[in-house]
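Below is one structure; the comments refer to it alone.
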Amino acid sequence: MRPCSRRPWRGRPSAARPCSPSSSRRTVNICMDLTRLAPLTSWSSFGEIWSGSEGGIIKAWPWDAIAKSLSLTSEGKDMASLLVGKAYIDLRNNATVGNMCLLPAADVKHMLVDHCRAKIWSITSMTFALWDARTRELLKVFGIDGQVDLARLEAPVMPEQFIEEEIKVKPTKKEKPQGSFTFFQKSRNALMGAADAVRRVATKGTFVEDNRRIEAVAQAMDGTIWSGCTNGSIIVWDGNGNKLQDIHYHSSSVQCIRALGERVWVGYASGTIQVMDVEGNLLAGWTGHSCPVINMAIGGSYIFTLAHHGGIRGWPLTSPSPLDDILRTELANRELSYTMIENIKVLVGTWNVAQEKASFESLRSWLGSALSDVGLVVVGLQEVEMGAGVLAMAAAKESVGLEGSANGQWWIDNIGKTLDEGISFHRVGSRQLAGLLIAAWASNDLKPHVGDVDAAAVPCGFGRAIGNKGGVGLRIRVYDRRICFVSNHFAAHQENVSRRNADFDHVYRTMSFNKPHGSTASATSVQLHKAASANGNQADEDIPELAEADMVVFLGDFNYRLDGITYDEARDMVSQRSFDWLRERDQLRAEMKAGNVFQGMREGPIRFPPTYKFQRNQPGLSGYDSGEKKRIPAWCDRILYRDSRPVSIAECSLDCPVVAAVTAYEACMDVTESDHKPVRCTFSVDIARVDELIRRQEFGKIIESNEKVRSLLQKSHIVPDTIVSTNNIILENQEDVILRISNDCETSKAAFEILCEGQSITKLDGTKYELPPRASFGFPLWLEVQPSVGLIEPGETMEIAVHHEDFFTKEEFVDGVQQNWWCEATRDMGAVLLVNVTSSASTETITHRINVRYCCLVPSATPPVTNAPSGAVSGSKNNQSNYLQRSDFANFGSSEVPNLCDVPKRSM
């Protein structure tokens, strides 16, 4: 496959202009890509700098402008800064024809350099632009599907204030309720109206799905370009932007991609890591972190992964391999030496507040009196606010990713004051869904060990869409173990047992976590999908996320009542504190015994009176409902849990990492603001964790002492032996010269890439003028090498075609504007090629140097007048004088651009 034809620069020259004060404040926050920027002391290998930023702006700084600024003395730093600042080329202007720009106006998210083909990829969330790094010519613009359709690819973003105006609910005249279904009818009508407004906003100007944005890009060693998307798909392209294949092994968002040799590693938002070969076949996958893998780097014989919480782990490049099994077995044998058991005290509280607000004394009685030695506090509230308008607005806000309310914030702030927030405790996360609220605080001592706080909400109200019933949850990583807390409000009324069971089942099976409002962990825009199984594939959809947690706590107003008992009988039993007798008639206990709900969960012994229903502001047991309905007292407000134990007697270990015990389970009967009493439960939780320092020490001992491990590691550093057919190539006319690279290794593939280390031009007096390589190690315009990257099978030989081409170009820039032409084909030219060979198991490289020389036989013709400087006339003497020969260029630059090879090195 031959590269795109090389043509003279056809873009419109753009005048350089200094940045205005407003533009200087504009953030270039997307990417800056060095096409080749060596240390400042290595003058002979400078290249260009390209940058991409918001609004689709792409700028390039020519290598000669950079060289000018760096050749100045230290006293001339201000002048150097001014020179570089004015020397950029606005490539967006060059890609504009008439009033139409070929580039999308979306922010540039990524830039990638194809060193061997001397091409640059600029990438937005939905599009790719392919550039020739030597001529800065825009070659191609295309979308994720490989098709050019710019009108469809980039969708405008609607302003937030427009959304707010659309979802406003107009006030209506108050009317007297007409029946028992009026509330639900109003809720439905308000919800449908608000949801319709949300849909109108979402569809205006939106033409694409948001679940397939480009999140990562990398180049494999066979020259293909790999791009990862938010829906977990990976698209493979050839070097010219043609789509080769679409790979989809995982449903979570791709966050990063790295490649070496014949392997490609992919990191996902779920924490999963996968390794594939360059053909796209999945070799292995595993859960590397408990949160998104945001970056990867290859060094030595390891690939290192950076997690969202800042953790870094290293994995052998050879994985999967026999080395993995040996290390796993050896480390398991030393498990006791690096296993640490941590104990924390967790306070969990639940309260149906019935749209009321509590006094400080009530909050102190409920939570403040039980804070001794507590490390983690989790509070769940129900009925923070109700009403058709409130519920409809909450549903509409959820549709656009918003949540929370003034009432909810009041509760969070006042509970925080009770806990002495900011001094003794710090809030780590919260989540609200209409009247449901959950929030968590960690103590100063525990806070450093808490992270990855994720939130979730599941409505169970009308049509499973309204949040008057349902659940809100927090998933918190404590000592690298996942603990989930879910605050619930299930279906009311004595007879609705099956609906309550169904509400639990719906919450448990469908709850899916993402980053919450108020989390102290860094936020992410990516919705976490189902976790991956051990082999890296998508987990079985029947396995809920809550089932994968190490500990789960359900709390809330479950609304289970007492059966087979009258109001008066219940009051008598309560006054006699015959709670065991009452418990025999508890609907929840009966349903749990039958295996219909809360399967596998436990509850502490109940030694407090039923918490529902009371008359507000009436203390003592005499406050039970004595109105017309006389609702039978019941334990509606409960706290249940499960830990990691398969059986109740299991001890805490790395195989059973979380073991919990209830130390107190109480109701606060003196609190009277609501018709429910608040309940609290205190847990003593043992957590088994790995002491990473000791584990690394044990790992090092295994590496040093195990001969088999050392032997395998040494083999992984071996680079396949390769032989090149020649070290000197002479090109004449335009005939191909074949360079052969042979892989003498019989077991491993050899990955190679051919780069240009430097080039030279022979002057008229016979001396050589050394030129730094332009455009990212790309070959000079007179030289073509194909293929310049690839993989060589064991025992095979790769044939490389080295070819000369005539060309015309212009290179010199004054204040960012192209000024002069010359034809490089009128002089003898030389280049030094580097053939870098690596394996898939190590970054060690073997390099072959090849000298290429072109002998000029016949001077080339005068260049065409296309893009000639203003005022030039074809064929005239004036026209001839506007084009500089290479010898003229040396004189032209002698006063401004020193010979870079003769500039002494200096430390910076």
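Numbers here are sequence positions counted from 1.
- Partners of Asp643 by side chain to side chain donor-acceptor pair (under 3.5 Å), not counting sequence neighbours, listed by chain and number: Arg602, Arg645.
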TODO: Give the intermediate values and the outcome of side chain to side chain contact (heavy atoms under 4.5 Å, CB included) for residues Lys447 and Asp445.
DONE: CA-CA 6 Å; Lys447 178 66 171 57; Asp445 293 337; over 6 Å; no
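- Looking at Arg689, its side chain never comes within 3.5 Å of a backbone N or O of Ile341 through a donor-acceptor pair.
- Atoms CG and CD, from Asp480 and Glu342 in turn, are 11.0 Å apart once rounded to the nearest 0.5 Å.
- Within a 6.0 Å sphere centred on CG of Leu336, other residues, nucleotides and ligands contribute 12 heavy atoms or fewer.
- With hydrogens and angles left out, the side-chain atoms of Ser270 and Thr272 include a donor and acceptor closer than 3.5 Å.
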Test Val553 against Val486 for side chain to side chain contact (heavy atoms under 4.5 Å, CB included), laying out the working first.
CA-CA 6 Å; Val553 179; Val486 187; over 6 Å; no
The test is side chain to side chain contact (heavy atoms under 4.5 Å, CB included); show your working for Tyr338 and Leu654 and say whether it passes.
CA-CA 10 Å; Tyr338 55 79; Leu654 294 182; 4.1 Å; yes
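- Side-chain atoms of Asp324 and Ser319 include a donor-acceptor pair closer than 3.5 Å.
- Side-chain contact annotation: Asp452 with His308, donor-acceptor N/O pair under 3.5 Å absent.
- Between the side chain of Asp550 and the backbone N or O of Ile483, no donor-acceptor pair lies under 3.5 Å.
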I'd like to know whether Trp131 forms a side chain to side chain contact (heavy atoms under 4.5 Å, CB included) with Lys140, so could you lay out the CA-CA distance, the side-chain angles of the two residues, the decisive distance to 0.1 Å, and finally the verdict. CA-CA 7 Å; Trp131 304 79; Lys140 186 177 182 182; over 6 Å; no
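- Ring centroids of Trp237 and Phe128 are separated by less than 6.0 Å, placing the two rings close together.
- In the model, Thr124 has a side-chain atom that pairs as donor or acceptor with a side-chain atom of Thr127 under 3.5 Å.
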Counting only pairs under 3.5 Å, give me each side-chain donor-acceptor contact of residues 294-303, with atom names and distances, residues two or more places apart or in other chains.
unit_1 : atom_1 : unit_2 : atom_2 : d
Asn295 : OD1    : Arg258 : NH2    : 2.9

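- One finds the CD1 atom of Ile312 at 5.5 Å from the CG atom of Leu306 (value rounded to the nearest 0.5 Å).
- The side chain to side chain contact (heavy atoms under 4.5 Å, CB included) with Glu545 is formed by just one residue from the set Arg482, Arg509, Arg475, Met511; it is Arg475.
- Judged purely by distance below 3.5 Å, without hydrogens or angles, the side chains of Gln255 and Tyr268 never pair a donor atom with an acceptor atom.
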